[in-house]
Amino acid sequence: MSGTTPAAAATMEADPENPRAARTASLRAVRGMNDVLPDEAALWERLEDTTRDVLRRYGYRNLRVPIVEQTPLFVRAIGEVTDVVEHEMYTFEDRLNGESLTLRPEATAGIVRAAIEHNLLYERPQRVWLAGAMFRHERPQKGRYRQFHQFDVEALGYAGPDVDAEQMVMLARLWRELGLSEGIRLEINSIGDPAERRAHRAALVDHFTRHLDALDTDSRRRLATNPLRILDSKNPAMQEIIAAAPRLADRLEPPSRAHFEGLQRLLRDHGLAFTINARLVRGLDYYNRTVFEWVTDRLGAQGTVTGGGRYDGLFEQLGGRPTPACGFAIGIERMILLLQDSQRDDRAAPFAYLVHAGDAAAALASRVAETLRDAGHAVVVHAGGGSFKTQMKRADASGARFALIIGDVEAAAGTVAVKPLREPGAQIAMPASDLVARLGVPAAQSS
């Protein structure tokens, strides 16, 4: 193999006796890192566009940070003994300077780092959002991938429960606009401040140590590192022991209790239903006081579609000034699964599909398509030839509302035959110049 490039060597490993066959072997996406094909991408666009619009209406602005950060950022922010840092991060050494770098497993740490580095909060608090890919090395399963995507939304510099409530109300609006309100419910909890959690941690260690024989392997490991995460266990055999564990809510001091009661009052004022889940702790070390999740029963084990909470100590932990903050992340892949489960998305379907035969018809079809596009319609012009029958099959498969048919007769007369494809109605002919007036403009433009 001397003189062979790493890429060539990797290719030839498949079949050292037949390098040509190895070079032509099919390449596949990395396991747990998925392609998004056009039909599904339409749902992504709908989710992304709707989310961006809702965030804009609440005053949140876009902020973008690198996908790769220095490894110590995540170790300090997330916690050295968390599952993410211990087992799931994609960490590598920079070959130029030996620096340890990590593909971001979550976005909050990078956003806080950027806010500190650029003194973003010097003049006023900030509402910001980020969208993009995150990376965790774990066993891929439905709704849980090694490369996954999130909307990460943060309110930086806000101390009261009003911003916590605002984010939950804002998410409720997003679910309504996506048509998902019936499928998602809100769970909240308070995990108090650090001193309260330390006292609770000691009580949990004492409780679970007395039931050590009943703990599974993961829970025994967490007993020494992060006993709060034992409360997250889904192991049916442990539920009775977990239910009997001490409750952090019973240890809240007056400031934490007042914050949590204020949050509940605000949610009730907005008419937003919620459940207090005393076992809700979230998986990262930086949280304090408010934690919340929007969950669904429609995705099996991966039922959390949005999770977040308050992290008032993270700025100071990363070298900044003490700064209150609250935020959440929306799992895009899980939201796509919900959208696929709940409704058919018609936004990707064109308004019209232009069927044509002959040079004059092709020229008229091109002009008609541009006129309709000027009015805001999505229009596909058939390409590649074929009979009218073949083209009509393509028109129907496209999901278009209308087939617009132009042959020699129509081209000579300057007319178009309009055939409804998704609703009853006879095929009719009309002048090409009347199409926009007769067919209308898209609802988004007419409203």
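Just the heavy atoms: all of them, side chains too, but no hydrogens, waters or symmetry mates, feed the values below.
A donor-acceptor pair is defined here as one N or O able to donate and one able to accept, closer than 3.5 Å; such a pair exists between the side chain of R310 and the backbone of G160. Of the possible polar contacts, none joining the R201 side chain to the P227 backbone as a donor-acceptor pair under 3.5 Å is found. At distances below 3.5 Å, not a single donor-acceptor pair connects side-chain atoms of N189 with backbone N or O atoms of I276. S398 contributes a side-chain N or O that, together with a main-chain N or O of A395, makes up a donor-acceptor pair within less than 3.5 Å. Formation of a donor-acceptor pair under 3.5 Å by the E106 side chain with backbone atoms of T108 is found in this model. Judged by distance alone, the side chain of R104 and the main-chain N or O of E69 form no donor-acceptor pair under 3.5 Å. At least one donor-acceptor pair under 3.5 Å links the side chain of T71 to the backbone N or O of S100. D35 places no side-chain N or O within 3.5 Å of a backbone atom of L37 that could act as its donor or acceptor partner. At least one donor-acceptor pair closer than 3.5 Å links the side chain of E333 to the backbone N or O of H149.
Residues R197 and L204 are not in side-chain contact: their nearest non-hydrogen atoms beyond the backbone lie 4.5 Å or more apart.
Considering R289, R198, H259 as possible partners of D193, the one that fulfils the side chain to side chain donor-acceptor pair (under 3.5 Å) test is R289.
In this structure, R127 satisfies the cation-pi test against Y158, with its NZ or CZ atom closer than 6.0 Å to the six-membered ring centre and inside 45 degrees of the ring normal.
The number of heavy atoms from other shown groups lying within 6.0 Å of CD (Q70) does not exceed 12. Heavy atoms from other residues, nucleotides or ligands lying under 6.0 Å from CZ of R257 number more than 12. Counting heavy atoms of neighbouring residues, nucleotides and ligands inside a 6.0 Å radius, atom CZ of R95 does not exceed 12 of them. No more than 12 heavy atoms of other residues, nucleotides or ligands sit less than 6.0 Å from atom CZ of R64. Other residues, nucleotides and ligands contribute only 12 or fewer heavy atoms inside 6.0 Å of the CZ atom of R61.
For the residue pair Y311 / E154, a side-chain donor-acceptor distance below 3.5 Å is found, with atom types taken as modelled. A donor-acceptor pair shorter than 3.5 Å cannot be found between the side chains of T50 and E177.
A salt bridge links D396 with R422; the closest basic N to acidic carboxylate O contact falls under 4.0 Å. Salt bridge annotation for E423-R401: present, with a cationic side-chain nitrogen under 4.0 angstrom from a carboxylate oxygen. Of the charged side-chain nitrogens involved, none lies within less than 4.0 Å of a carboxylate oxygen, so that D269 and R265 do not count as a salt-bridged pair.
Ring geometry for F351 versus H377: interplanar angle under 30°, hence parallel rather than tilted (30 to 60°). The aromatic rings of W129 and F151 are tilted relative to each other, their planes meeting at an angle between 30° and 60°.
Q239 approaches R279 most closely through the heavy-atom pair OE1-NH2, 2.7 Å.
With values rounded to the nearest 0.5 angstrom, T91 atom OG1 is found 4.0 Å from M89 atom CE.
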